[in-house]
Protein chains: 2
Amino acid sequence: MNNRTASVAEPIARLIEEFHKLPGIGPKSAQRLTYFLVRMPSEEAKALCEAILAVKEKLIYCSICQNISETDPCAICNNDKRDHSKICVVENPLDIMALERTGEYTGLYHVLHGVISPMDGIGPEELKIKELLTRLKDDSVKEVILATNPNLEGEATAMYLQKLITPQGILTTRLARGLPFGSELEYADDVTLSRAFEGRQEIDKS
Amino acid sequence: MNNRTASVAEPIARLIEEFHKLPGIGPKSAQRLTYFLVRMPSEEAKALCEAILAVKEKLIYCSICQNISETDPCAICNNDKRDHSKICVVENPLDIMALERTGEYTGLYHVLHGVISPMDGIGPEELKIKELLTRLKDDSVKEVILATNPNLEGEATAMYLQKLITPQGILTTRLARGLPFGSELEYADDVTLSRAFEGRQEIDKS
């Protein structure tokens with residue numbers, strides 16, 4: 001009999017392993033989460049399970065913007081008060097959450113579900129680009145905001161999309177690059193700093 | 001209709017909230033975990049839920065050592081090959097896992113399920129100390145290793161237990177304090193460094 005494995009009950013070992021599969025959860029966090037759950041009241045553990053299963057059972061993809069939603073079309077695409085002449089293209093649904101939190105943008109979205117990344121074998125056909133181009137056939141769209149991440153893959157994807165969209169006479173824009181709020185010049189990287197220089201703006205005198 | 005809340009499907013918002021309740025999971029991690037689960041195959045999500053529920057349904061506390069176990073007595077208390085004359089007292093079941101990984105110790109354990117912490121209103125009666133003393137009535141126990149954490153509460157708890165146990169003619173020991181393996185003297189704190197000095201040992205000439 002192996003003392004080492006015998007010391008951990010099988011359900012504990014299994015839950016630690018399951019937690020460890022999740023992103024950003026190392027072996028130590030998996031252990032801590034498992035023991036937290038052991039001590040948690042049963043109802044709370046059940047509530048967590050129900051929430052997990054609800055996400056798998058109730059969610060679908062919006063056939064227009066490809067965002068995760070309970071309804072098709074989703075609440076954003078279906079909202080007449082939003083500006084249907086603008087489409088903001090993002091990599092994944094989390095980006096929509098971040099943008100919605102700002103309360104700045106009232107247009108529609110389109111989720112690519114990834115970026116072009118030859119290293120990972122992801123080409124344009126793996127992304128929801130065809131669906132985006134279908135939406136643009138409708139003359140109502142006047143501006144496409146390419147809000148992919150400001151990194152290599154995100155820039156490459158934005159370039160690729162811009163070349164497809166601009167010839168259709170639709171304005172394509174990209175989110176401003178520059179110094180993030182609360183940052184310090186001293187610690188800014190070279191690319192960020194040169195982009196901030198290039199994009200400098202006259203101070204509003206009003 | 002509120003655009004901001006409408007943009008996040010209810011099951012998503014609920015799962016983010018449930019994950020956020022777990023220790024060490026902030027709002028960003030909760031979002032990332034949620035979207036990971038959305039894209040996870042249904043069977044894997046179900047496996048996670050089953051593992052969570054199994055932990056709640058199948059685990060009990062060993063009536064001897066108070067560790068979490070599937071059986072009573074647990075696999076360690078029930079193992080005749082282990083040294084039943086030693087009891088290592090720990091704060092929680094995770095400590096047993098850590099000690100078992102070393103493969104150094106072959107005795108039994110006792111889980112206090114906490115430490116004495118007047119600040120948090122935890123006195124000796126909240127811990128499994130009565131159960132420990134009951135075990136010591138049996139003359140077979142020769143050594144109690146007090147392996148509570150080397151911090152204020154852990155030290156106080158060890159002192160408290162030592163005062164109860166030593167008069168019974170049982171050897172009480174404490175894990176060695178000193179510099180952790182792989183650490184650098186330069187960065188060691190004062191207490192650790194002075195403990196390492198006090199506990200210095202002659203180099204084995206063999």
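None of the values given here were measured: they were computed from a predicted structure. Throughout, protein chains are lettered first and strands after them, A, B, ... in sequence-line order, and every chain is numbered starting at 1.
When every heavy atom of B:L59 is checked against every heavy atom of A:A9, the shortest pair comes out as CD2-CB, 3.7 Å. Annotation for A:E18 and B:E44: closest pair OE1-O, 4.2 Å, computed over non-hydrogen atoms.
In this structure, A:E104 places its CD atom where only 12 or fewer heavy-atom neighbours from other residues, nucleotides or ligands lie under 6.0 Å away. Within a 6.0 Å sphere centred on CG of A:D190, heavy atoms belonging to other residues, nucleotides or ligands number 12 at most. More than 12 heavy atoms of other residues, nucleotides or ligands shown are found within 6.0 angstrom of CD on B:Q168. Counted within 6.0 Å of CG on A:N151, heavy atoms from surrounding residues, nucleotides or ligands total more than 12; the atom is thus considered enclosed.
Using a 4.5 Å cut-off between heavy atoms, A:L99 does not touch chain B at all. With a 4.5 angstrom heavy-atom cutoff, B:I16 touches chain A only via side-chain atoms. Contact of A:S42 with chain B is made through backbone and side chain together, with heavy-atom distances under 4.5 Å. For A:L94, the parts sitting under 4.5 Å from any heavy atom of chain B are the backbone and the side chain alike.
With rounding to the nearest 0.5 Å, the separation of CG in A:L48 from CZ in B:F19 is 6.0 Å.
The shortest side-chain heavy-atom distance between A:V38 and B:K56 does not fall under the 4.5 Å cut-off. B:F36 has its side chain out of reach of A:K21: every pair of non-hydrogen atoms, C-beta onward, lies at least 4.5 Å apart.
Among B:L15, B:T34, B:L33, the one residue that satisfies the side chain to side chain contact (heavy atoms under 4.5 Å, CB included) test with A:I52 is B:L15.
Most heavy-atom pairs under 4.5 Å with chain B: of the set A:N92, A:I12, A:T71, this distinction falls to A:I12. The most heavy-atom pairs under 4.5 Å with chain B, out of A:S69, A:P93, A:A54, come from A:P93. Considering only heavy-atom pairs separated by less than 4.5 Å from chain B, the leading option among A:H113, A:R14, A:R39, A:Q31 is A:Q31. The choice from B:M40, B:K46, B:R32, B:E57 that makes the most heavy-atom pairs within less than 4.5 Å of chain A is B:M40.
Without hydrogens or angle criteria, B:E70 side chain to A:E10 main chain gives a donor-acceptor distance under 3.5 Å.
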